[in-house]
There are 2 protein chains.
Amino acid sequence: MDYIGRLTAHLPAAVRLLMIKADGSVSIHADDRAYKPLNWMSPPCRIEEAPGVWRVVNRAGEELRITLEEIFHDSTHDLGIDPGLVKDGVEAHLQELLAAAPQTLGAGFTLIRREYPTAIGPVDLLCRDGTGRTVAVEVKRRGEIEGVEQLTRYLELLRRDPLLSPVDGILAAQEIKPQARVLAQDRGIRCVVLDYDALRGVTRDELTLF
Amino acid sequence: MDYIGRLTAHLPAAVRLLMIKADGSVSIHADDRAYKPLNWMSPPCRIEEAPGVWRVVNRAGEELRITLEEIFHDSTHDLGIDPGLVKDGVEAHLQELLAAAPQTLGAGFTLIRREYPTAIGPVDLLCRDGTGRTVAVEVKRRGEIEGVEQLTRYLELLRRDPLLSPVDGILAAQEIKPQARVLAQDRGIRCVVLDYDALRGVTRDELTLF
DNA sequence: CTATAAATGTCGGAG
DNA sequence: CTCCGACGTTTATAG
């Protein structure tokens, strides 16, 4: 196998699994590396078949060349359209739930807006606390150093706006890593640990009230 | 299929491809999404097989539960140990090329050293510009905000060294994202877009001269 | 289509 | 083992 594209890669001959999907993608698997193939071509792409040689190319001109020495097994199956995956507990859900129940962050908290825009990207939640101070909230599934850095950048920008300044910061996550907590404390950023199930319950109760 | 772990996910019944590798990993593929499975469990993990139900668990307590309704095809093959992949042309290459042709960054630029060590890690390139000022260069294939942050940390440290200070910063990448450019400008960091092929050409010419 | 941030990211290397 | 950065990141989403 040879790949010539964003990098060049070569794979010596060996017994491997080739998977060709209905979306046109091709992947070449060894018996390890979990689900990641040794090499692949993502759709949209096109397979040119010649005897013993496959050439897989995409629009960007990247190319996968596969030489078939021996076929031990070949099997084709119609899988149909997949009903799809339902995920729960990702960051977007947390943000929604928190936007619906900002008082989780502190007494008297109200939402100014979700995805408050700045020059370097949107702040997850912009709130006002019980005393009227502006609070920028970064929501994460897992609070790590990168989340603190992100919030720090937003705060720096937001604080330049005299209509918002002063601005406090909150990192809200289901789990906050010790290092992130230390860095946050050092920068005067408050950490709030979220309980997803409780939050979902609170929000449901809120909605049920009306 | 049900996954309970870092998130929860549910997959209704459908025809799918299950791949079980020698490393113990399990992946469940639909007929699209290139090489990424709908769900998976990475090694190390353990499969508990009961009639029609597989339970795949890992050490962290994450769990994949698979219900088998009907088996259309089942096939096992010994792939042996893979000779492995040879890659060429990734980011390390860019750094090499730039180290060989520092004038790409500006007239009169010379290299002090590659991988210049600091307390928080090595700076990709440390140079001197035409006027003798020190310049720290962060090399990336794609220049994003994280690259600007990384360089900012290095600059802060380097500027404390009276032998080096003052120190300028350059983010050099084949492609620089708009947001990264905004943040870099805000911090007085210069952005340089690299042309890989041209750089390779320049370096080849340089080498040919001697 | 581009730009951007999330991801069960994965993967490899250094400490 | 954890931390950290690269990845042909891939993927989904908003503009």
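Any value given below was found using the heavy atoms of this structure, including those in side chains, with hydrogens, waters and symmetry copies removed. Just so we're on the same page: letters track the sequence lines, and every chain starts at 1.
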Name the pairs: protein N/O against N/O of nucleotides 1-3 of chain D, kept only if under 3.5 Å.
unit_1: D/dC1; atom_1: OP1; unit_2: B/R59; atom_2: NH1; d: 3.2

Strictly under 3.5 Å: I want the nitrogen or oxygen pairs between protein and nucleotides 11-14 of chain D, one per line.
unit_1: D/dT11; atom_1: OP1; unit_2: B/R33; atom_2: O; d: 2.8
unit_1: D/dA12; atom_1: OP1; unit_2: B/R33; atom_2: NH1; d: 3.3

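Between the C1' atom of D/dA6 and the CG atom of B/L94 lies a distance of 12 Å, rounded to the nearest Å. If you measure from atom CG of A/N39 to atom P of D/dT10, you get 12 Å, rounded to the nearest angstrom. Here D/dC7 presents its C1' atom at 13 Å from CD of A/E62, a figure rounded to the nearest Å. The CD-P distance, from B/E144 to D/dA6, rounds to 10 Å in whole Å.
With sequence neighbours excluded, no residue satisfies ring pair (Phe, Tyr, Trp, His ring centres under 6.0 Å) with B/W54. B/A60 meets the side chain to side chain contact (heavy atoms under 4.5 Å, CB included) test with B/N58, B/E62; sequence neighbours excluded. With sequence neighbours left out, B/A119 forms a side chain to side chain contact (heavy atoms under 4.5 Å, CB included) with B/L157. Under the ring pair (Phe, Tyr, Trp, His ring centres under 6.0 Å) criterion, A/H77 pairs with B/H73, sequence neighbours left out.
Every pair passing ring pair (Phe, Tyr, Trp, His ring centres under 6.0 Å) that includes a residue from residues 32-51 of chain A is listed here, sequence neighbours excluded: A/Y35-B/W40, A/W40-B/Y35. Residue pairs satisfying the side chain to side chain donor-acceptor pair (under 3.5 Å) criterion with at least one member in residues 168-183 of chain B, sequence neighbours excluded, are listed as follows: B/R133-B/D168.
With both ends at atom C1', the span from C/dA5 to C/dG9 equals 13 Å, rounded to whole Å. For D/dA14 and C/dT8, the C1' atoms lie 24 Å apart once the distance is rounded to whole Å. Comparing C/dA7 with C/dC11, their C1' atoms sit 14 Å apart, to the nearest whole Å. Using atom P as the reference point in both D/dG8 and D/dC4, the two lie 22 Å apart (nearest Å). With C1' as the reference atom, C/dA6 and D/dC7 are 15 Å apart, rounded to whole Å.
Closest approach of B/D23 and A/A34 over heavy atoms only: OD2-N, 2.9 Å. The two residues A/C191 and A/I176 make their nearest non-hydrogen contact at CB-CD1, 3.5 Å.
Side-chain contact between A/D2 and A/L11: absent, with no pair of heavy atoms (C-beta onward) separated by less than 4.5 Å.
At a threshold of 4.0 angstrom between heavy atoms, the contacts of B/M41 with the nucleic acid are absent. No contact: A/R114 has no heavy atom under 4.0 Å from any strand.
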*asked:* Would B/T110 and B/R128 count as a side chain to side chain donor-acceptor pair (under 3.5 Å) here? Give the steps.
replied: CA-CA 5 Å; B/T110 54; B/R128 216 170 277 293; 5.8 Å; no

Which pairs would a plain distance check flag for residues 139-146 of chain A, meaning a side-chain donor or acceptor within less than 3.5 Å of a matching protein atom at least two apart in sequence or in another chain?
unit_1: A/K140; atom_1: NZ; unit_2: A/E138; atom_2: OE2; d: 3.0
unit_1: A/K140; atom_1: NZ; unit_2: A/Q150; atom_2: OE1; d: 3.3

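Between B/D124 and B/R114, none of the side-chain N atoms (NZ, or NE/NH1/NH2) sits under 4.0 Å from a carboxylate O, so this pair counts as no salt bridge. Under the 4.0 Å criterion applied to side-chain N and carboxylate O atoms, A/D82 and B/R16 are assigned as salt-bridge partners. A/E115 and A/R113 are not joined by a salt bridge, as no carboxylate oxygen comes within less than 4.0 angstrom of a charged side-chain nitrogen. For the pair A/R153 and A/E149, the salt-bridge criterion is not met [side-chain N within less than 4.0 Å of a carboxylate O].
Residues of residues 115-125 of chain B that place a heavy atom closer than 4.0 Å to DNA chain D do not occur. Within residues 13-20 of chain B, no residue has a heavy atom under 4.0 Å from DNA chain C.
First and last contacts of DNA chain C with chain A, using any nucleotide atom under 4.0 Å from a protein heavy atom and ordered 5' to 3', fall at C/dA5 to C/dG12.
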